[in-house]
Amino acid sequence: MTAVIKAERLGTNVRTRRSLFGGVAGFAACASFGGPLSALARPHHHAGHAKVAAAAASAAPATPVGTPANTPIGPFDTVARWAYIVDFDTGAVLLDKSADERMAPSSLTKMMTAYIVFGMLATGRLRLEQTLPVSEKAWRTQGSKMFVPLGESVAVQDLIQGMVIQSGNDACVVLAEGIAGSEERFVAMMNEEAPKIGLNNSHFMNVTGLPAEGHYMSAHDVATVAMHLIRDFPQYYHFFGETEFLFNKIKQGNRNVLVDKGLADGLKTGHTDAGGFGLCASSNRNGNRVIVVINGTASSNERAHEGERLMAWAFANFENATLFRKGQVVDHAPVWMGERKAVPLVAGSDIVMTMPVGWQQRSHIAVDYASPVIAPVVAGQSCGAIVISAPGMADIRVALQAGASVAKLGLVGRAMARLGHGPAN
């Protein structure tokens, strides 16, 4: 502390990095003292988590022979050629295998088609009960179908169900033509919207995902669309979780086996020769939502087993923990030439992190800030960061804010402070 005080009196500014706690003993001690950090929350699904994790792992299909994906806890094999797993609430990447590489997305494309349709519904430019005409082009569209009748009109709600439950290519074309006048104009809307929602490796040539040169997505982008569907249009997300749909006297089940088994509440599957068998699935367990994307598996059976296995692995190995609550005092930083000697450093919002199970035993939390903070200080201004470190993981930095305003000393006060008197240390 002497070096910090000396630096303050010289009017200089140094970095201060002070450990708050590390390892399980530190966390326990911190809670027992009941200080500013005693409000540290346990993981959202702390109680009985080890038993749940073990059960989930044992229930998962046997590990297939594959090549490794990158994860925060070390390499993990998967037979999928492309794979990506992300925590919905924190955005933490749990698994990545060629996730930014362009791939043939097949019917995973329909998630983007649905995003545009839901946007039209949300703005009132389209209604669920509205009917759209079936053109000959839509009726003749090959691949999976909901079997729309030629020359008749179909309700938008039925078309959505046909698109996301039955993966109807014909339904997609009817929606595109009814909304934009042609499939080509609808595709232009998809490509215009893609970068706005963060798709960096996607380009669409049709609304169905049927093979076409220049039509591609990445596994990362597929997960991004899923995040937006869930977050932006929760009122329509339920369509992805319906297990079957009857239309034109033909009943078809949801092609997403994880939805059918109750292991996920969405989203889509797909298959083409170029892309193999793919899946995007999302599940919410104990208040924690995860999105899994795989593509390039060899069969529908392999796709289902691998999707289930990776979903179980994600929930068994990671948990969300609230480290600090909004406004919670994390530390106090000395203030140079201020009317108060120190300013509280607080969390600007709840700090929720996705961490490997058992993170308490392995992680280390510290504060890092420029010391002293130069007056005047305005409440809410950025003042350093919390740094979370754990073996095998890159440091995570979360900004801290000043918890109060501190006015600058007047001329006389500054003179006295420089002589070692008054509020400044």
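The figures that follow rest on heavy atoms only: side chains count, while hydrogens, waters and symmetry mates do not.
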Item to check | Partner set under salt bridge (charged side-chain N to carboxylate O under 4.0 Å, His left out) for Arg231, not counting sequence neighbours | outcome: none
Item to check | Sidechain N-carboxylate O distance under 4.0 Å for Asp260, Arg255 | outcome: no
Item to check | Whether Phe118 and Phe240 hold their rings parallel, tilted or perpendicular, with breakpoints at 30° and 60° | outcome: perpendicular
Item to check | Side-chain donor/acceptor of Asp170 to backbone N/O of Lys145, under 3.5 Å | outcome: no
Checklist entry - Ignoring hydrogens and geometry, is there a side-chain-to-backbone donor-acceptor pair from Lys110 to Ser106 under 3.5 Å? => result no
Checklist entry - Can you find a pair of side-chain heavy atoms, one from Ile160 and one from Val117, that are under 4.5 Å apart? => result yes
Item to check | Donor-acceptor side-chain pairing of Asp221 and Thr224 below 3.5 angstrom | outcome: no
Item to check | Residue pairs fulfilling ring-ring contact (aromatic ring centres under 6.0 Å, His included) with at least one residue in residues 147-173, sequence neighbours excluded | outcome: none
Next on the checklist: Between Lys97 and Asp77 (salt bridge meaning N to carboxylate O under 4.0 Å), is one present in this structure?
Outcome noted: no
Item to check | Counterpart residues, salt bridge (charged side-chain N to carboxylate O under 4.0 Å, His left out), relative to Glu177 (two or more places apart) | outcome: none
Item to check | Arg81 CZ to Glu101 CD distance, which is reported to the nearest 0.5 Å | outcome: 5.5 Å
Checklist outcome for this item: Residues at least two apart in sequence or cross-chain that pass ring pair (Phe, Tyr, Trp, His ring centres under 6.0 Å) with Phe88, listed by chain then number, are none
Item to check | salt bridge (charged side-chain N to carboxylate O under 4.0 Å, His left out) partners of Glu129, counting only residues at least two apart | outcome: Arg127
Checklist entry - Should Ser282 and Arg289 be marked as a side-chain hydrogen bond (donor to acceptor under 3.5 Å, both in side chains) after you check the CA-CA gap, both sets of side-chain angles, and the distance that decides it? => result CA-CA 7 Å; Ser282 183; Arg289 178 174 289 280; 2.7 Å; yes
Next on the checklist: For Arg325, is there an ion pair with Asp350 - N to carboxylate O distance below 4.0 angstrom?
Outcome noted: yes
Checklist entry - Does a donor on one side chain sit under 3.5 Å from an acceptor on the other, for Ser167 and Lys268? => result yes
Next on the checklist: Can you list everything that forms a salt bridge (charged side-chain N to carboxylate O under 4.0 Å, His left out) with Lys261? Sequence neighbours excluded, please.
Outcome noted: Glu308
Next on the checklist: Looking at Thr297, is its backbone amide N or carbonyl O close enough to the side chain of Arg303 to form a donor-acceptor pair, meaning the two atoms are under 3.5 Å apart?
Outcome noted: no
Checklist entry - Is there a donor-acceptor contact under 3.5 Å from the side chain of Ser218 to the main chain of Arg102? => result no
Next on the checklist: How long is the straight-line distance from CD of Gln381 back to CG of Leu400, given to the nearest 0.5 Å?
Outcome noted: 12.0 Å
Next on the checklist: Between His215 and Thr109, do the side chains contain a donor N or O and an acceptor N or O under 3.5 Å apart?
Outcome noted: yes
